[in-house]
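The structure appears right after this line, and notes come after that.
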Amino acid sequence: MPANWPRTSRPTSRKPTATRTSTRPWPASARAGSLDPYTVPDRGRGGEPRPRRARPRPQEGRPPMSDVRVRFPPSPTGYLHIGSARTALYNWLFARKHGGKLVLRIEDTDAERSTEASIRGIIEGLEWLGIDWDEGPYFQTAFRDEHVAAARRLVAEGHAYPCFCTKEELDARREAARAAKGDYRYDGTCRRLAPDEAAARVARGEPHVIRFRVPDEAGSVVFEDKVYGRLEKAYADLEDFVIVRSDGSPLYLLSNVVDDVRDRISHVIRGQDGLANTPRQILIYRALGAPIPVFAHMPLTLDPQKAKISKRKHGEIVAVQFYRDNGFLPWALCNFLVLLGWSPGDDRELFTREELIQAFSLERINRANSVFNYNKNDPKFFTDPKALAVNAHYLRTMPVEDLAGLVEAELRAEGLWDDAYAGERRDWFLRTLDLIRSRFHTLKDFPRAGRAYFADDYAIEDRAYKKNLAKHPDLAGWLPRLADRLAGLAAFTPEATEAAIRAYAEGLGVKPGVLINGVRAVVTGQLAGPGLFEVLDVLGQDRVVDRLRRTPERFAERSG
RNA sequence: GUCCCCAUCGUCUAGCCUGGCCCAGGACACCGGCCUUUCACGCCGGCGACAGGGGUUCAAAUCCCCUUGGGGACGCCA
């Protein structure tokens, strides 16, 4: 059972790996040219109905995919959020399934956000989840020269051109178009400049950006998305987009492609919000003469109001770290996350790591966005109930030996840890965990609801006091006397304590439940819990007797 | 506004491509029962959906069209 799978031990260098030799960015061979299978002639309007978006299904007995290389390219924004984590997970699963490689590439071109701390946040999130990578982290800024060189090449080969239009002009035109309720696309002013005139102006030092030249012939970019099926975008719907800023720095659309080409990425698995970029990126691949990867766009994760989840709007609840800090098991989070947009096709929902890798496939990713169903004001569920249910499931079914290490960390953090729990009291520790875990939902429940098992300074819950103590004030006298009886027991076994308590109840003429529940309240502080006699057994004679003798104090605490 | 994508229980989903086995299956949540000293676990049962309208067909959740609703993209952000 992988609920506590080993933390990745991969030594991740925190420094840019710029030293990595980056030869053959793209195969100098295959110029895309007119044989490009991704270009189709415009079929014109009307006529046949739109082709059904049927997705290819995995064929039986297909050969293993060779050289699967995927990447996870987060831009550091402070921490790993669950949407990104899910993207990373899908990539990771796909790589592992096909014996491929996962590349971690930090897109750190936004210097503002890319602090050491926010990069660390991403990496720690991945490590905690158990998503390990095979290459990287690479840093996008380290490859800036490559990006610029690619842009130059595109200009030299006529796939891009310098544009001298100023931002102000463009903004004005865009504004005007919008005011006229039309849609705006770059009008191609500089596209029509004579090459030598453009070159001259560049030589003169005129500020300019570099724009990609979208084919102006009829036709469209077509690609087969693994999730959405055949997608088509008419050239006419694309504008000549900027690939290099006027300060000479390359833009995402370009850098991303150049990096993917260099890293020999075979499958681009990313959020559906990248779908609109895909046709433009395919154009860049083509212009670069690079092989085009397979694309798989995954549906987005929305909040209950159907808005895209984001750090700004939703805060910590969408941070992977939040789940770590709130007692989630990493694998439970992964298992929950994978279900947001994917299913195995049968009724299974809980998987071991190996089972999930085996079951995962791009073809079974759903097309519809999913809702991350958390409710800030829900007193019972601090996050999506299903996430909690998955976590609780692993908590009570994982090997108790694996659980022990995780609970140890929680107890240590609260100062409740005793080294004996790992030594001569190890058996006791495991037995106790096993006894109490079936009603817990997170690791935090062990030091909280479970505190009385590991410490003597536990509080008595209000509800437990009201229901099981306050209603029977006589318990203040009964329980210390019961303590005397229990103290006299030669063998402090569940059978013996049960017999003693029932006998005492009978003598008192009260229902056994009154004593049983009262004892539970005093001895554990809780309203509910495991069978009392097992609890007493685990707590041990001395503790039980001592706690019961102090019952009057418990009443006094309350009446004061 | 323009382009694109999506649409099954409250939520996550199966079924849709290859129409009949679906008056729609599973999970979570909720409700009830069993177990029981409590609560949980476990087991049993219940509530609960094909967005609407047109077609096509002997037959439609499944195919087609329209409407509605939701989402995404439209940056010298990534």
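Atom pair A:Asn335:CG and B:U13:P shows a separation of 14 Å (rounding to whole Å applied). Between the CD1 atom of A:Ile365 and the P atom of B:C12 there is a distance of 16 Å, given to the nearest Å. One interatomic measurement links the two molecules: CG of A:Asn366 to C1' of B:C16, which rounds to 12 Å at whole-angstrom precision. A:Asp237 places its CG atom 7 Å from the P atom of B:C3, with the value rounded to the nearest Å. At whole-Å resolution of the value, CD in A:Gln140 and C1' in B:C77 are 12 Å apart. The interatomic distance linking A:Arg364 (CZ) with B:C17 (P) rounds to 14 Å, in whole Å. Between the CZ atom of A:Phe295 and the P atom of B:C4 there is a distance of 19 Å, rounded to whole Å. In this structure, CD of A:Glu107 is placed 15 Å from P of B:C77, rounded to the nearest angstrom.
Defined by atom type and a distance below 3.5 Å, a donor-acceptor pair is present between the side-chain atoms of A:Arg270 and A:Thr278. Residues A:Asp108 and A:Thr141 bring a donor and an acceptor atom of their side chains to less than 3.5 Å of each other. A:Ser249 and A:Arg245 share a side-chain donor-acceptor pair at under 3.5 Å. If you check the side chains of A:Asp259 and A:Tyr138, you find no donor sitting under 3.5 Å from an acceptor.
One C1' atom belongs to B:A61, the other to B:C23, and the distance between them is 12 Å to the nearest Å. For the C1' atoms, the distance from B:U18 to B:A40 is 46 Å, rounded to whole Å. Rounded to a whole angstrom, the distance from the P atom of B:A24 to that of B:A29 is 23 Å. B:C63 and B:U57 have their C1' atoms separated by 10 Å, with the value rounded to a whole Å. Nucleotides B:U62 and B:C50 have their C1' atoms positioned 10 Å apart, rounded to a whole Å. Nucleotides B:A60 and B:G20 have their P atoms positioned 11 Å apart, rounded to a whole Å. Nucleotides B:A27 and B:G46, compared at atom P, are 12 Å apart to the nearest Å. Using atom C1' as the reference point in both B:G55 and B:U13, the two lie 30 Å apart (nearest Å).
Of all nucleotides present, only B:C6 satisfies the Watson-Crick or G-U wobble test against B:G69, with each distance under 3.5 Å. Pairing partner, B:A27: B:U11, with both Watson-Crick or wobble hydrogen-bond distances short of 3.5 Å. Nucleotide B:G1 has B:C74 as its partner under the Watson-Crick or G-U criteria, with both atom distances under 3.5 Å. In a base pair of the Watson-Crick type (N1 to N3 plus N6-O4 or O6-N4) or a G-U wobble (N1-O2 and O6-N3), with each distance short of 3.5 Å, B:U36 is matched with no nucleotide.
Checked for salt-bridge contact, A:Arg431 and A:Asp434 miss the test: no charged N lies under 4.0 Å from a carboxylate O. Looking at A:Arg185 and A:Glu239, no side-chain N of the basic residue comes within less than 4.0 Å of a carboxylate O on the acidic one, giving no salt bridge.
For A:Arg86 and A:Tyr90, the positive end sits near the middle of the six-membered ring, less than 6.0 Å away and at most 45° from its axis.
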**OP:** Could you run through nucleotides 68-76 of chain B and give me one letter per nucleotide, 5' to 3': B if any protein heavy atom sits under 4.0 Å from the base, S if only the sugar-phosphate is that close, - if neither?
**Re:** --SSSS-SB

**OP:** Take nucleotides 24-46 of chain B nucleotide by nucleotide from the 5' end and write B, S or -, depending on whether a protein heavy atom sits under 4.0 Å from the base, only from the sugar-phosphate, or from neither.
**Re:** --BBSSS------BBBBSS----

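Taking the centre of each ring, A:Tyr458 and A:Tyr453 stay at or above the 6.0 Å mark.
Between A:Tyr252 and A:Leu340, the residue whose closest nucleotide on RNA chain B is further toward the 5' end is A:Leu340.
Classified by interplanar angle (parallel below 30°, tilted 30° to 60°, perpendicular above 60°), the ring pair A:Tyr374/A:Phe372 is tilted. Using bins of under 30°, 30° to 60° and over 60° for the plane-to-plane angle, the ring pair A:Phe328/A:Phe382 lands in the perpendicular bin.
Of the candidates B:C12, B:C6, B:A78, B:A78 carries the atom nearest the A:Thr109 side chain, counting heavy atoms from C-beta on.
Annotation: ring-ring contact (aromatic ring centres under 6.0 Å, His included) contacts involving residues 160-188 of chain A, sequence neighbours excluded, comprise A:Phe164-A:His208. A salt bridge (charged side-chain N to carboxylate O under 4.0 Å, His left out) check over residues 492-513 of chain A, counting only residues at least two apart or in different chains, returns the pairs A:Glu498-A:Arg502.
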Short heteroatom pairs, N/O only, protein and nucleotides 48-52 of chain B, under 3.5 Å:
none

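For A:Lys233, there are no salt bridge (charged side-chain N to carboxylate O under 4.0 Å, His left out) partners two or more places apart in sequence or in a different chain.
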